[in-house]
Amino acid sequence: MPKRSCGALAATDIGTSAEINGWVNRRRDHGGLVFIDLRDRDGITQAVFDPAQTAAFEIAQTLRNEDVVRITGLARRRPAGTENSKLSTGEVEVAVERVDVLARSLVPPFPVNADADVDESLRLKYRYLDLRRSRLQRNLTVRHKIVKAIRDFFDEREFLEIETPCLIKSTPEGARDYVVPSRVYPGTFYALPQSPQILKQLLMVGGIGRYMQIARCFRDEDQRADRLPEFTQLDVEMSFVDEADVMTIMEDCIVYTWRVALGLEVSQPIPRLTYAEALARFGSDKPDMRFELELRDVAAAFAGTPINFLAEHASGDASRIIAVRYPGGASLSRRDFDALTESAKTFGAGGLIWICYPVDGWKSSIAKLLDDTTVETIRELGGAEPGDALLLVAGPTQLASDVAGKLRLLVGDKIGHRPTDRFAFCWVKDFPLFERDPETQAIAPTHHPFTSPAPGQEALLDTDPFAMRAQHYDLVLNGFELGSGSIRIHDPEFQRRIFQLFGLSEQTIADRFGFFMDALQYGAPPHGGMAWGIDRLVMLACGEPSIREVIAFPKNQTARDLMMDAPSPISQEQLRELGLDLKAKPARGANPLT
RNA sequence: GCACGCGUAGCUCAACGGUAGAGCAUCCGGUUGUCGACCGGAAGGUCGUGGGAUCGUCACCCAUCGCGUGCGCCA
């Protein structure tokens, strides 16, 4: 007898016998007739129990949601008028002749057969139940398809997928490491990789040429909706390539993946912006390109203004007065503008100026300080149409740009221009090679210390490092950084100078990067690559607000696994073997649900 | 570490400072074409925790715990 999945039963099966296994999604007991919706990953099939089949009928009356059963019976067409167009199997049903209860279920702590919102902690504690629900079934399916498409894409181009170790050496800089104590060498520790960066560069030195990996990475930093301590990267590296080579192949990969996994066409070429352009036009180095609303500099309207708090920002390169257009914003209430002002303040601005342009006349938060001419000049510079409003942010260039960029996203949200089912990619390139730590003013890499400067700029290292551009490119989707890549330094002497620039001593370089510096001296090919955040990519593809929705067993925002209740203390025996003494008592397991 | 929001029945949520309630789920009974079945009934609460103000609190104040979002952090 053929086995059928719950979603596979079709009109072509009518008249045949079938065996179907699944979970009881719902029972509808009509007394003289019982319906069971049987569910598996594939779908739902309706089983009908008739009193004539005495044994099966009696069992049917005892079935409850999430019991696991095997039914056998005749697939038949549903009586006319009782078809269910909501189900793919809605034309047919199984007249059950025999039912075996394979497992009983307790009453689940939340509804498994509905998509209703449930407290996320509860979902995480009972993740195996949450996984049965359609949302995660769908998301994990999409994730599989995306990862498979990526692997197929690189396989066809003769990349090798190579696994790199998870127990590696701690290197300074960057995020905090997760560490694992060594039993064999008490007092020493492995670190878990923050990314396979150095390893993939060594694969290039090793003559692999084209490498890819779906790699697990670990960073001991605080969480966000799109960031967990443990995450997955697509890691790619190639030898004898330039920036354009890498960007082309990664762009092709996105197009292929979207087509094959999602059935969507991404229009090419994907727009390319310089870092400076992205900041000026969108106030962000990861602009959301789903909508226009570009930022406009309206400082010219305030040239020679007597308004003190604007005059200081109205000229020169150090300051800006930036307008964000709010289409239809003229009809907003005073309360709405107050809320926008509050938002601007939380973004770091001192305040917010708004000007409304209804069909007749104008209104503004600083109406007393403005005249018709100035207001009209601002309107022209800001590109406002009748019915719009302009939100003005004044301040030091970086701050004003950043706040305006965030206001732009807020306006985009309010006018519904950021739908999760639209995908707008862009490249951002020509990043500065270095930036200053805002607190210490120390020089630091914008990307990482292995990034190569733009060709021919090496000499600037001694004279004006902050003028140097990097061969560094980001792929951005809907305002999220999907991934970063760069052409790496393959000259050991230049790499040494970069490390020294960041204040690493010869000794530190030798201790931490000795193996890497050695390798560069044995014929390292020019190379470069990229890494994407797979969780983020799938999250966006699924239209989900958090990467937890596309990971089977995620940690929560406080880095706990609520299902396993990890992390947890270990035994004295384990500590002794590892040569560890605890200074602090283990933190109490913080799971409120246990 | 900081800011904001949330915490009431198994789930999702209500409740003007004056007797804690609804829908769904659960349990029982009825029910032969439902598919969020239906009808009738029952059971289910330390209002996160601890203080305080008040004649009186789920509601107000303080502290604390948990969860979420953001900031810091994330080469």
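Throughout, a chain's letter reflects where its sequence line sits, starting with A, and its residues are numbered from 1.
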Legend entry - Spacing between A:Glu120 atom CD and B:rG66 atom P, to the nearest angstrom: 17 Å
Inset, instruction - Enumerate the residues from residues 82-89 of chain A whose closest heavy atom to RNA chain B is under 4.0 Å, giving them by residue number; use none for an empty result. - result: A:Thr82, A:Glu83, A:Asn84, A:Lys86
Legend entry - Salt-bridge contact A:Arg418-A:Asp288 (side-chain N to carboxylate O under 4.0 Å): yes
Legend entry - Donor-acceptor under 3.5 Å (A:Arg512 side chain, A:Ser170 main chain): yes
Inset, instruction - Assign each of A:Pro79 and A:Gln223 to its nearest nucleotide of RNA chain B by heavy atoms, then name whichever residue's nucleotide is nearer the 5' end. - result: A:Pro79
Legend entry - Sidechain N-carboxylate O distance under 4.0 Å for A:Arg64, A:Asp67: no
Legend entry - Donor-acceptor contact present, side-chain A:Glu83 to main-chain A:Gly81, <3.5 Å: yes
Inset, instruction - Go through the N and O atoms of the side chain of A:Asp222 and the base of B:rG72, and report whether any donor-acceptor pair is under 3.5 Å. - result: yes
Inset, instruction - Kindly point out which of B:rU26, B:rA75, B:rG33 is positioned nearest to the side chain of A:Val107? - result: B:rU26
Inset, instruction - Please tell me which of the listed nucleotides, B:rU32, B:rG68, B:rC71, lies nearest to the side chain of A:Arg224? - result: B:rC71
Legend entry - Paired and unpaired positions of RNA chain B as dot-bracket, Watson-Crick or G-U wobble under 3.5 Å, | denoting a partner strand: (((((((..((((....[..)))).(((((.......))))).....(((((..]....))))))))))))....
Inset, instruction - Would you mind reading off the distance between A:Asn556 atom CG and B:rG66 atom C1', rounded to a whole angstrom? - result: 10 Å
Inset, instruction - Could you give the distance separating B:rC2 and B:rA9 at their P atoms, to the nearest angstrom? - result: 29 Å
Inset, instruction - Output the distance between atom CG (A:Leu124) and atom CG (A:Asn556), rounded to the nearest 0.5 Å. - result: 6.5 Å
Legend entry - Between B:rU34 and B:rU19 - C1' atom distance, rounded Å: 41 Å
Inset, instruction - Respond yes when some side-chain nitrogen or oxygen of A:Arg176 is under 4.0 Å from OP1 or OP2 of B:rA75, and no when none is. - result: no
Legend entry - Whole-Å C1' distance, B:rA22 and B:rG45: 15 Å
Inset, instruction - From the options B:rC28, B:rG68, B:rC74, select the nucleotide whose nearest atom is closest to the side chain of A:Thr558. - result: B:rG68
Legend entry - Side-chain donor/acceptor contact of A:Arg548 with base of B:rG68 under 3.5 Å: no
Inset, instruction - Output the single nucleotide from B:rG68, B:rA75, B:rG33 whose closest atom is nearest the side chain of A:Glu93. - result: B:rG33
Could you pull out the protein-nucleic contacts involving nucleotides 3-10 of chain B (nitrogen or oxygen on both sides, under 3.5 Å)?
from: B:rG10; atom 1: O2'; to: A:Pro109; atom 2: O; distance (Å): 2.7

Inset, instruction - Can you tell me the distance, in whole Å, between the CZ atom of A:Arg219 and the P atom of B:rG72? - result: 16 Å
Inset, instruction - State plainly whether the residues A:Arg127 and A:Asp130 are in salt-bridge range, i.e. N to O under 4.0 Å. - result: yes
Inset, instruction - Tell me, please, which residues at least two apart from A:Tyr190 pass ring pair (Phe, Tyr, Trp, His ring centres under 6.0 Å). - result: none
Inset, instruction - Determine whether A:Arg216 and A:Phe218 make a side-chain contact, defined as any pair of heavy atoms from C-beta on separated by less than 4.5 Å. - result: yes
Legend entry - Note: A:Glu549-A:Arg138 ion pair, threshold 4.0 Å (strictly below): no
Inset, instruction - For A:Asp220, answer base if it contacts any base atom (sugar-phosphate contacts may also be present), sugar-phosphate if it contacts only those atoms, and nothing otherwise; contact means non-hydrogen atoms under 4.0 Å. - result: nothing
Legend entry - Non-neighbouring partners of A:Pro229 that pass side-chain contact (heavy atoms from CB on, under 4.5 Å), sequence neighbours left out: A:Tyr178, A:Gln223, A:Lys555, A:Ala559
Legend entry - Length of the line joining A:Leu106:CG and B:rC27:C1', which is rounded to integer Å: 15 Å
Legend entry - Salt-bridge contact A:Asp119-A:Arg123 (side-chain N to carboxylate O under 4.0 Å): no
Inset, instruction - In whole angstrom, give the distance that lies between atom CD of A:Glu435 and atom C1' of B:rC74. - result: 12 Å
Inset, instruction - Mark yes or no for a side-chain to base donor-acceptor pair under 3.5 Å between A:Arg76 and B:rG33, with no hydrogen or angle criteria applied. - result: yes
Inset, instruction - Compare the minimum distances between each of B:rU32, B:rG70, B:rA75 and the side chain of A:Ala225, then state the nucleotide with the smallest one. - result: B:rG70
Legend entry - Out of B:rA75, B:rG33, B:rU12, whichever nucleotide has its closest atom nearest the side chain of A:Pro445: B:rA75
Inset, instruction - Pick base, sugar-phosphate or nothing for A:Thr346, based on heavy-atom distances below 4.0 Å to the nucleic acid. - result: nothing
Inset, instruction - In whole angstrom, give the distance that lies between atom CD of A:Glu221 and atom P of B:rG70. - result: 16 Å
Legend entry - Value in whole Å for how far the P atom of B:rG33 lies from CZ of A:Arg27: 17 Å
Inset, instruction - With rounding to the nearest 0.5 Å, note down the distance linking CD in A:Gln194 to CZ in A:Phe231. - result: 8.5 Å
Only distances under 3.5 Å count here; give the side-chain donor-acceptor pairs of residues 70-80 of chain A to other protein atoms, sequence neighbours excluded, each with its distance to 0.1 Å.
from: A:Arg76; atom 1: NE; to: A:Glu93; atom 2: OE2; distance (Å): 2.9
from: A:Arg76; atom 1: NH2; to: A:Glu93; atom 2: OE2; distance (Å): 3.1
from: A:Arg77; atom 1: NH1; to: A:Glu91; atom 2: OE1; distance (Å): 3.2
from: A:Arg78; atom 1: NE; to: A:Gly90; atom 2: O; distance (Å): 3.3
from: A:Arg78; atom 1: NE; to: A:Val92; atom 2: O; distance (Å): 3.0
from: A:Arg78; atom 1: NH1; to: A:Thr82; atom 2: O; distance (Å): 3.2

Legend entry - For atom CG of A:Asn113 and atom C1' of B:rA25, their distance in whole Å: 9 Å
Inset, instruction - Would you mind classifying the nucleic acid contact of A:Arg78 as base, sugar-phosphate or nothing, using non-hydrogen atoms under 4.0 angstrom? - result: base
Inset, instruction - Between B:rU54 and B:rA14, how far apart are the C1' atoms? Round to whole Å, please. - result: 25 Å
Legend entry - Selection from B:rA75, B:rC67, B:rC35 that lies nearest to any side-chain heavy atom of A:Ser121: B:rC67
Legend entry - Side-chain donor/acceptor of A:Arg227 to base of B:rC74, under 3.5 Å: yes
Legend entry - Residue closer to the 5' end of RNA chain B, A:His447 versus A:Leu33 (nearest nucleotide): A:Leu33
Legend entry - Within 6.0 Å of CZ in A:Arg41, more than 12 heavy atoms from elsewhere: no
Legend entry - A:Gln557 side chain, from C-beta outward: closest of B:rA75, B:rG68, B:rU34: B:rG68
Legend entry - Nearest-angstrom distance, P atom, B:rU8 to B:rG48: 6 Å
Legend entry - A:Arg135 and A:Glu544 ion-paired at < 4.0 Å: yes
Legend entry - Minimum-distance nucleotide (side-chain atoms of A:Asp119 versus B:rC74, B:rC35, B:rU12): B:rU12
